There are 2 protein chains.
Amino acid sequence: MNRNVVFTFFLFCFVTICRGSGTDIALDAKATLLHRIDSLNLLIYTCLLTLTVLTIWVFKHRRVSWLHETGLAVIYGLIVGAIIRYAGSTNHITHINVNPEPGTTYNLSVPPDMLRFHFPASLPITPGDSPIANKTYAYSFRGEIVNVEQNEIDLKATFDPEIFFNIILPPIIFHAGYCLKRVDVNLYAMIFGESVLNDAVALVLSGAIQNYETRYSHDGGFEISGFLGAIGDFIGIFSLSLLVGALMGCLTALISKFTHVRDWPLLESALFVLMSYAAFLIAEVCELTGVVAVLFCGICQAHYTYNNLSSDSRNRTKQLFELLNFLAENFIFTYIGVSMFTFPKHHFDPWFIIAGFITSMLGRAVNIYPLSFLLNLGRKPPIPVNFQHMLFFSGLRGAMSFALAIRNTVSEARQAMLTTTSMIVIATVVLQGGAATHALDYLRIPTGQGSNEESEALPYRDVRSLYHATDTGESRSRMIVRWSNGAKEVIMPWQLNGYDDTPRGGGDAGGGQKARLARVWGALDSRLLKPLLTHARPPLTETLPAFMRPVARLLTTTHQYTQGDNTLRRTDSDSDLCIDDPQIPSSIDPQQLWPGLVDTRISVEGITGSNI
Amino acid sequence: MNRNVVFTFFLFCFVTICRGSGTDIALDAKATLLHRIDSLNLLIYTCLLTLTVLTIWVFKHRRVSWLHETGLAVIYGLIVGAIIRYAGSTNHITHINVNPEPGTTYNLSVPPDMLRFHFPASLPITPGDSPIANKTYAYSFRGEIVNVEQNEIDLKATFDPEIFFNIILPPIIFHAGYCLKRVDVNLYAMIFGESVLNDAVALVLSGAIQNYETRYSHDGGFEISGFLGAIGDFIGIFSLSLLVGALMGCLTALISKFTHVRDWPLLESALFVLMSYAAFLIAEVCELTGVVAVLFCGICQAHYTYNNLSSDSRNRTKQLFELLNFLAENFIFTYIGVSMFTFPKHHFDPWFIIAGFITSMLGRAVNIYPLSFLLNLGRKPPIPVNFQHMLFFSGLRGAMSFALAIRNTVSEARQAMLTTTSMIVIATVVLQGGAATHALDYLRIPTGQGSNEESEALPYRDVRSLYHATDTGESRSRMIVRWSNGAKEVIMPWQLNGYDDTPRGGGDAGGGQKARLARVWGALDSRLLKPLLTHARPPLTETLPAFMRPVARLLTTTHQYTQGDNTLRRTDSDSDLCIDDPQIPSSIDPQQLWPGLVDTRISVEGITGSNI
């Protein structure tokens, strides 16, 4: 470190002796200015997020419900965006128009990636006091200029859209997967899982549609073969992405099971984070869908790897992703607000915007009512009509659609999509989110306000509020802890009134098919995957056929052998992810619990009822 | 979420009906390609980091000491960088040379920020099957092209250097501050603290020197007034940055003390992270030094805010920054390796590189030996000569100097600095880091290998190894817990042999001045700052003069009043940050301890001996 001090002295001598040209010094000043602008941009968002956090706290403290918290982030963003645009001083961007050098040949239909510009030789400038050396500078492609005025605010409070896709979105999606409970069939889990899966499906579907014209259609019109090709694309990409994510999850599980990396929790946590992120990136690099990969990676990490982690790493990864998810989500919503005014690549096309609003509402209706009707055919109790209205009214988040839209704004058509998407997101979050409570009242859906549950897991709040809405009004704090095959099983009150049709329950005629599938999966999971990927019992030596005994022995740890049958069999701890239940008997394996959780809250996500 | 699905159908119709021009579709494909390249870059580093983590684990497991872990990251980086450069396929970057449009006027000595280019009208291209609309595209300034060949690898495995400064460095520095123990004067803390402070000083000093020519000197030569001006700059910027950081820390402490935000630990943690990051950004925006600000912010957060946090937030923030620090550090070292081959803005100047190596070695010697001599005048026991040699031999990290060097590479001189800095960092980390064990042997410094302590806090490993080297060889596991004024005090064995001269100890003649200063600060801290910023006793109503009683009453919480005098007075928990000590008596306030830590390790950083 001392060397740094020396280094600056060295630099001092260097600067004094070999002074740069006037242009170099001016460029230095320019670079410093750009750095300050970057910092200012980040500071604006940091302050906005701080403000949002403080206001969320005040709202929670005072039990304000007329404004949704994400709506708050958007509104703050809009206000600051407008201030930046109309009141802020303009960072004047110098620009000139250029032509190719005479005799240049170029044979592509896209503009070149880079322009090379000789300065100042090619430009008659006012001579300074020091001679300026003629140098060549590189300029890289930015995008189409639609409105010549707009590049004035080009550098204001905007970020490279790739940041959203590669940095902000993955932790949000991973967290959703990491907290998702497997096939627990209460309404909350249904809505939550469906909303996450829907994001993933939408993403893959949009990719397939984008490829439709270039890959399958001859003239861009509708063709049966092209349509089938696009559907094949969708299925292929979705399943391959799922596979990439699941494999990375399983690989992490294997590493954490068969090495002693858990002796160094910091290394273990780092590995966990890196492998999960790699799932996203591998899928993206292979032209698959990273979001799907990271979602299923999260599910696998929760279902398998989590059981092998040290308690330190369990705690750390859960808390890390919870915080990252919270910050990332609020950042996106703030950014949507600010960028509405400052992002230079908006294109307002009124008819397109109107059509966007109408079709998205229509689509929601077409989705909710027929699907509810189908579900109600084999469902007891059926989803009431006022619940369906509420489902129609609520549900949109928008972070994903915004990230999709801002990802690519090279053409005018793309820019129109971004503008429309932003407006739909803002309208949904602010208006529909804010009116949710009134809608609940109007539809006479009983709400369960005042519980402390909402304090955890702020994301997916609307889903959560909706869940509260579907609660039958019984006291949520009444919960049953029972023991089944030596495994603790917690039954929440809402599981008592028909929403709980877990595989083992058998169920009625309508749920028969599903229960069969779930049973096959359950057997595969508990007899092959869990014993292979975790330290769970029974070991593979008991479940695999005799001729595979040597392989099975190799894949079974001492821990799995020595674990007595009379001790707790259930090393599966999906449910630990979110449960913090002080009533759990002290005989339970302490590693199953979050260390040191002293809160007495019972999180909604602490729904278990798991059976192995 | 359903709306997303609808949206893609909508998009589908849109695409089918209003098909874009041929150029738009080609641009879409281009954007997709660029996204894949971005993902590939990130994937390369994620895999490198994963590999590094796994190898670190193997090294720890097998107790390998001939290669330093950061050296490992650099070497992996170098190998992959070379592969990318020489074996990878080239992403051909299309480029043309351009001239200004006839009649352009321009009157600055720097190249314009942006070029506007009409395409394809201005360029005779081979006509495609669809008509291409003439559009205007923006190109933004990238930097000087030194070697025309080099821009071929422009897009390969490199990131915007601003990312290092604004994203990667702050958590590293904050973590250093957050884990720094106040005026604990053992050798480890001395070296650790000095190395961090040195980084901060170097950064401010380099800024002052850069401003020297532009602000204070007339012809760039040495001038007394200019020299004094630069020194004034240094002092001013350093103290203002310190102030910004400390104020943000205190503000966070006040918010966490006087609001109930701790009831929502997620919000609390988010606030903590955001306020700390804001300290960095505010300083950068004000042309101060963000690194100094975030360092002192970290120190204040640990000293004050930490005491107000909920146990969940304490745990979360500590673990979060530990992980971020680990990943960020290893990322930088990997990047140094890769960028040596792939960063297009290297400039190899052999004489400058040789001079760099010589001066940095000389500087280290000039620093260590005279300072040790001065210290030894008033120090018992003195620092032995072989320890001084070891201090000379070890200590450089390089993350900071690299981030400084890569921040600005617009001119050739800057590029030469980057290359030299990179080479010094690589040589130091790989060669000196790897040879450290042999040097210890050669200098006959006893080492304390085999303890589990190193498993925590991988960063600052060399400092830590050095500390181990200075251990006198007594059993480190022998530690004394004693009670002083109701406060737990842990005395580690190395504090028994003279290194421990905490202020209260009085000390000998040499340390008298320092002890006085420390005593004044200690009084201010315990009688004004702690009661103001935390819930610590005695309350301000007891320590402030009578006429300020109303203000004091306002600033004292009920918690501070009701806390009995006979209960534990010490709500200061600096030491909790890193201690995980199972021997602490159960009568201690449970909030003082990390929840749920079941490890039996005693971290080196668990040195306390704090006194209030």
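Just so we're clear, the structure is a prediction, and the values are computed from it rather than from any experiment. Naming: A, B, ... by sequence-line order, numbering from 1 per chain.
- Side-chain atoms of B:Ser39 and A:Phe280, non-hydrogen and from C-beta on, never get closer than 4.5 Å to each other.
- Residues B:Met114 and A:Tyr139 form no side-chain contact, since every pair of their non-hydrogen atoms from C-beta on lies 4.5 Å or further apart.
- Interatomic distance, CE of B:Met275 versus CG of A:Leu49, reported as 13.0 Å (0.5 Å rounding).
- Nearest approach of B:Leu274 to A:Thr46, heavy atoms of both residues: O-CG2, 3.3 Å.
- Scanning both residues, B:Pro100 and A:Ile96, for their nearest heavy atoms gives CB-CD1, 4.1 Å.
- Considering only heavy atoms from C-beta on, B:Val98 stays 4.5 Å or farther from A:Asn99 through its side chain.
- With a 4.5 Å cut-off on non-hydrogen atoms, A:Val273 touches chain B through its side chain but not through its backbone.
- With contacts defined as side-chain heavy-atom distances shorter than 4.5 Å, the pair A:Ile255/B:Leu54 qualifies.
- Residues that satisfy the side chain to side chain contact (heavy atoms under 4.5 Å, CB included) test with A:Ala270, not counting sequence neighbours, are B:Val53, B:Leu323, B:Phe326, B:Leu327.
- For B:Ser269, the side-chain hydrogen bond (donor to acceptor under 3.5 Å, both in side chains) partners at least two apart in sequence or on another chain are B:Ser313, B:Arg316.
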| said: Could you go through B:Leu42 and A:Tyr277, starting from their C-alpha distance and side-chain angles, then the distance that decides it, and tell me whether this counts as side-chain contact (heavy atoms from CB on, under 4.5 Å)? | reply: CA-CA 9 Å; B:Leu42 284 172; A:Tyr277 190 39; 3.4 Å; yes
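- Ranked by heavy-atom pairs under 4.5 Å with chain B, the list A:Leu320, A:Leu40, A:Val366, A:Val261 is led by A:Val261.
- Put simply, CD on B:Glu284 and CG on A:Leu43 are 11.0 Å apart, with the number rounded to the nearest 0.5 Å.
- The candidate from A:Leu271, A:Ile282, A:Leu281 with the greatest count of non-hydrogen atom pairs under 4.5 Å with chain B is A:Leu281.
- With a 4.5 Å cut-off on side-chain heavy atoms, A:Thr259 and B:His61 do not count as touching.
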| said: Before you tell me yes or no, could you show the steps for B:Asp312 and A:Gln319 under side-chain contact (heavy atoms from CB on, under 4.5 Å), namely the whole-Å CA-CA distance, both residues' side-chain angles and the distance that decides it to 0.1 Å? | reply: CA-CA 9 Å; B:Asp312 184 84; A:Gln319 297 202 331; 2.9 Å; yes
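- Contact check for A:Glu268 versus B:Trp57: no side-chain heavy atoms found under the 4.5 Å cut-off.
- Checked for salt-bridge contact, B:Glu287 and A:Arg36 meet the test: a charged N lies under 4.0 Å from a carboxylate O.
- Annotation: the span from A:Asp263 atom CG to B:Lys60 atom NZ amounts to 11.5 Å, rounded to 0.5 Å.
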